[in-house]
There are 2 protein chains.
Amino acid sequence: MATIKDVASKAGVAVSTVSRVINSSGYVGEETKKRVLNAMKELRFRPSHIARGLVSGKTYTIGLIIPDIANPFFPEIARGVEDEAIKNNFNVILCNSDWKIDREKMYLSLLLEKWCDGVIIVGSRSEEIDLLRTLGDLPFVSMDRDISSAGHSVWVDNVLGGYTATKHLYSMGYRHVIHISGPLNAPSAVARRKGYELAVKEFALQSPVVVESDYRKSGGFTAVMSILDDSSKERFDAVFAGNDLMAIGVLHAANDRGICIGEELGVIGYDGIPESEDTFPSLTTMFQPGYEMGRRACELLLSEIATPSSRLIKEVFKAELKIRKSTKRS
Amino acid sequence: MATIKDVASKAGVAVSTVSRVINSSGYVGEETKKRVLNAMKELRFRPSHIARGLVSGKTYTIGLIIPDIANPFFPEIARGVEDEAIKNNFNVILCNSDWKIDREKMYLSLLLEKWCDGVIIVGSRSEEIDLLRTLGDLPFVSMDRDISSAGHSVWVDNVLGGYTATKHLYSMGYRHVIHISGPLNAPSAVARRKGYELAVKEFALQSPVVVESDYRKSGGFTAVMSILDDSSKERFDAVFAGNDLMAIGVLHAANDRGICIGEELGVIGYDGIPESEDTFPSLTTMFQPGYEMGRRACELLLSEIATPSSRLIKEVFKAELKIRKSTKRS
DNA sequence: TTGTACGCGTTATCAT
DNA sequence: ATGATAACGCGTACAA
């Protein structure tokens with residue numbers, strides 16, 4: 001790789017002159033400029049961001065720590081983040097934490113050592129205090145988590161979402177709504193459950209029935225199956241699943257048992273992953289605008305990087321009810 | 001951020017001693033070592049990968065250029081790449097090219113300037129010669145593309161896959177198989193079509209019928225609809241879609257028209273995205289082991305980075321036929 | 001066993 | 001308008 005020095009000697013000027021040409025800072029004579037530009041072309045010169053970074057302390061790189069890019073809700077977020085980043089000449093380092101606290105920490109260390117300019121953390125389950133300790137004063141934005149005492153945050157109102165989902169089921173005529181929740185160490189799962197409970201108290205005489213699961217298809221499947229098989233459990237005619245993946249598991253279970261979804265059993269999910277349109281029957285869900293959330297989170301992060309501010313922004317999105325066939329009685 | 005200098009003065013030693021402790025290279029007295037370690041803790045010292053990189057020329061970062069992380073086949077690959085990378089202390093920079101040649105080029109430039117140690121390029125549509133020109137001697141692995149005169153490559157045998165898919169349809173009793181292909185500037189689409197044509201020639205009297213589309217749900221949908229509406233077109237009783245997304249579009253179209261999939265119309269897709277299990281009816285497809293392919297591509301890249309070799313490895317995976325309900329007559 | 005000094009590629013400050 | 005040089009944080013010969 002050709003360096004600025006090579007360019008300088010080839011053009012017969014000093015490195016500082018070349019630097020001025022590259023950054024178009026300071027005075028450079030027309031003639032000299034041409035010579036330098038030519039030398040750059042011929043040597044296929046590329047300025048080193050590494051050396052630049054060492055001087056400036058900026059790397060134009062941010063970290064994105066998400067639980068699992070292979071989990072269908074996250075690619076949308078990642079895409080939103082990356083689009084906004086590249087628009088501003090930033091790159092994104094992808095980190096999959098698997099919801100593991102120590103993996104999060106490990107990635108944070110690496111990102112810190114690589115002097116990345118900021119981090120977006122999605123769905124962290126770490127203690128906030130621990131996060132802040134290792135982050136130091138690195139700009140960051142947290143997503144999918146309702147609280148944050150430092151750094152901006154972007155989330156959807158999951159209590160409202162859970163409430164809306166449950167309310168929708170009652171409004172469609174279902175009377176015994178159970179909830180299959182995500183793992184209750186996930187803030188989002190806790191919030192959605194809370195929304196569910198609120199709605200149950202408001203609209204029904206039943207008491208809340210919550211089964212904790214794992215946000216996965218298989219989890220939704222077995223959760224429903226076990227309730228179906230346990231005759232001691234109450235009857236139910238609708239389920240609010242904590243996310244779409246589990247809802248799809250529920251769909252499978254019901255199909256296997258010959259239960260007619262919609263008619264006999266109402267099912268609503270959460271997330272609005274693309275797949276929810278293509279299930280049988282199509283899945284009613286609470287759509288989260290993942291792309292836009294990711295984009296916005298990145299926007300906030302970049303503005304924080306550009307000009308640190310003391311004001312904390314908490315951006316709250318609303319999940320949007322998408323009514324489809326899994327909650328319709330024909 | 002504390003530097004190696006700060007640690008040195010705090011511990012009352014020279015920077016080189018600290019450096020030796022960090023890298024456990026060279027001799028360091030037990031007592032000194034302890035003092036240095038303590039100083040590091042107290043100062044929360046983190047070695048700068050940037051400075052290291054400038055010296056060593058290595059950044060422990062690779063680039064992953066894929067068309068679109070939000071497209072359901074790619075997250076699996078990305079996850080495989082990232083898992084293998086982090087296992088070796090490498091980070092992955094995520095780049096979405098949208099199949100655009102100039103975006104690929106732009107990302108390559110950035111990655112080059114950031115001195116990343118290597119690149120994995122998935123589904124590139126650039127001219128090979130152009131790629132090689134801008135890549136220079138940067139180690140790289142190309143995926144999902146059948147040829148490569150420099151750098152390793154990982155792909156699935158799409159001709160075989162297309163052949164197998166088509167053959168399966170005939171073996172299930174369908175007689176008029178049409179093909180909805182991906183965009184024919186995509187090498188994968190061309191190869192799959194070729195496999196289709198081979199099978200048609202071998203197993204049927206009909207001539208091949210190919211409709212070019214765009215690898216998207218809506219593309220599959222409209223492609224089928226237009227054929228259905230065009231009475232001049234031949235009749236068909238099965239379709240091999242170039243990927244699962246388009247196959248899902250076909251499913252929707254057939255459902256809309258009241259065509260019984262499986263019975264009246266056989267449908268097979270390609271990719272084996274998670275969603276293909278949950279459609280109605282479940283989608284027969286050619287499964288590509290995305291995770292494993294990504295993992296392997298990264299493995300190849302890292303070994304190339306560690307010890308450059310002249311030997312070019314071409315790793316060919318096979319797509320696996322997953323028989324489900326969309327190709328079954330009951 | 002430990003310290004000194006140079007170099008990595010670049011920017012920025014100061015002279016010229 | 002241009003050139004010389006220190007500095008960024010670290011690794012590494014080489015000297016002590």
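Sequence lines set the chain letters: A, B, ... in the order given, protein chains first and strands last, and positions in each chain run from 1. Quantities reported herein were computed from a predicted structural model and do not represent experimental measurements.
- Between the side chains of Asp83(B) and Tyr291(B), at least one donor N or O lies within less than 3.5 Å of an accepting N or O.
- The residue Thr32(B) sits close only to the backbone: its heavy atoms come under 4.0 Å of sugar-phosphate atoms, none of a base.
- Following rounding to the nearest Å, Ile4(B) (CD1) and dG7(C) (C1') show an atom-to-atom distance of 15 Å.
- Look at CZ on Arg46(A): it is 12 Å from P on dT10(C), rounded to the nearest Å.
- Nucleotide dT4(C) holds its P atom 11 Å from the CZ atom of Arg20(B), rounded to whole Å.
- In the interface, the side chain of Ser16(A) is not paired with the base of dT11(C) through any donor and acceptor atom under 3.5 Å apart.
- Atom pair Met1(A):CE and dG7(C):P shows a separation of 22 Å (rounding to whole Å applied).
- Between the Glu304(A) side chain and the His152(A) main chain, no donor and acceptor come within less than 3.5 Å of each other.
- Distance, Leu54(B) CG to dC8(D) P: 14 Å, rounded to whole Å.
- In this model, no donor atom of one side chain and acceptor atom of the other lie less than 3.5 Å apart for Glu113(B) and Ser48(A).
- Look at Arg52(B) and you'll find a side-chain N or O under 4.0 angstrom from OP1 or OP2 of dG11(D).
- The closest side-chain donor-acceptor pair between Glu104(A) and Ser124(A) falls under 3.5 angstrom.
- Closest contact between the side chain of Thr3(A) and the listed nucleotides dG3(C), dG9(C), dC10(D) involves dG9(C).
- One atom, NE2 of His49(A), and another, C1' of dT11(C), lie 14 Å apart when rounded to the nearest Å.
- Contacts of Ser19(B) with the nucleic acid, taken as non-hydrogen atoms under 4.0 Å apart, include base atoms.
- For Tyr27(B), counting side-chain heavy atoms from C-beta on, the closest listed nucleotide (dG3(D), dT1(C), dC8(C)) is dT1(C).
- For Val13(A), counting side-chain heavy atoms from C-beta on, the closest listed nucleotide (dT2(C), dG3(D), dT11(C)) is dG3(D).
- Within the nucleic acid shown, Val28(A) comes within 4.0 Å of sugar-phosphate atoms alone, with no base atom in reach, counting heavy atoms only.
- Taking only side-chain nitrogens and oxygens, Thr17(B) never comes nearer than 4.0 Å to OP1 or OP2 of dT2(C).
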Quiz prompt | Trace of the side chain to side chain donor-acceptor pair (under 3.5 Å) decision for Lys114(A) with Thr59(A) | solution = CA-CA 8 Å; Lys114(A) 289 199 172 165; Thr59(A) 57; over 6 Å; no
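- Distance NZ (Lys5(A)) to P (dG9(C)): 7 Å, rounded to an integer number of Å.
- Closest approach to the Ala51(B) side chain among dC8(D), dC10(D), dT10(C) is made by dC10(D) (side chain taken as heavy atoms from C-beta onward).
- Going from atom NZ of Lys58(A) over to atom C1' of dT11(C) covers 15 Å, rounded to whole Å.
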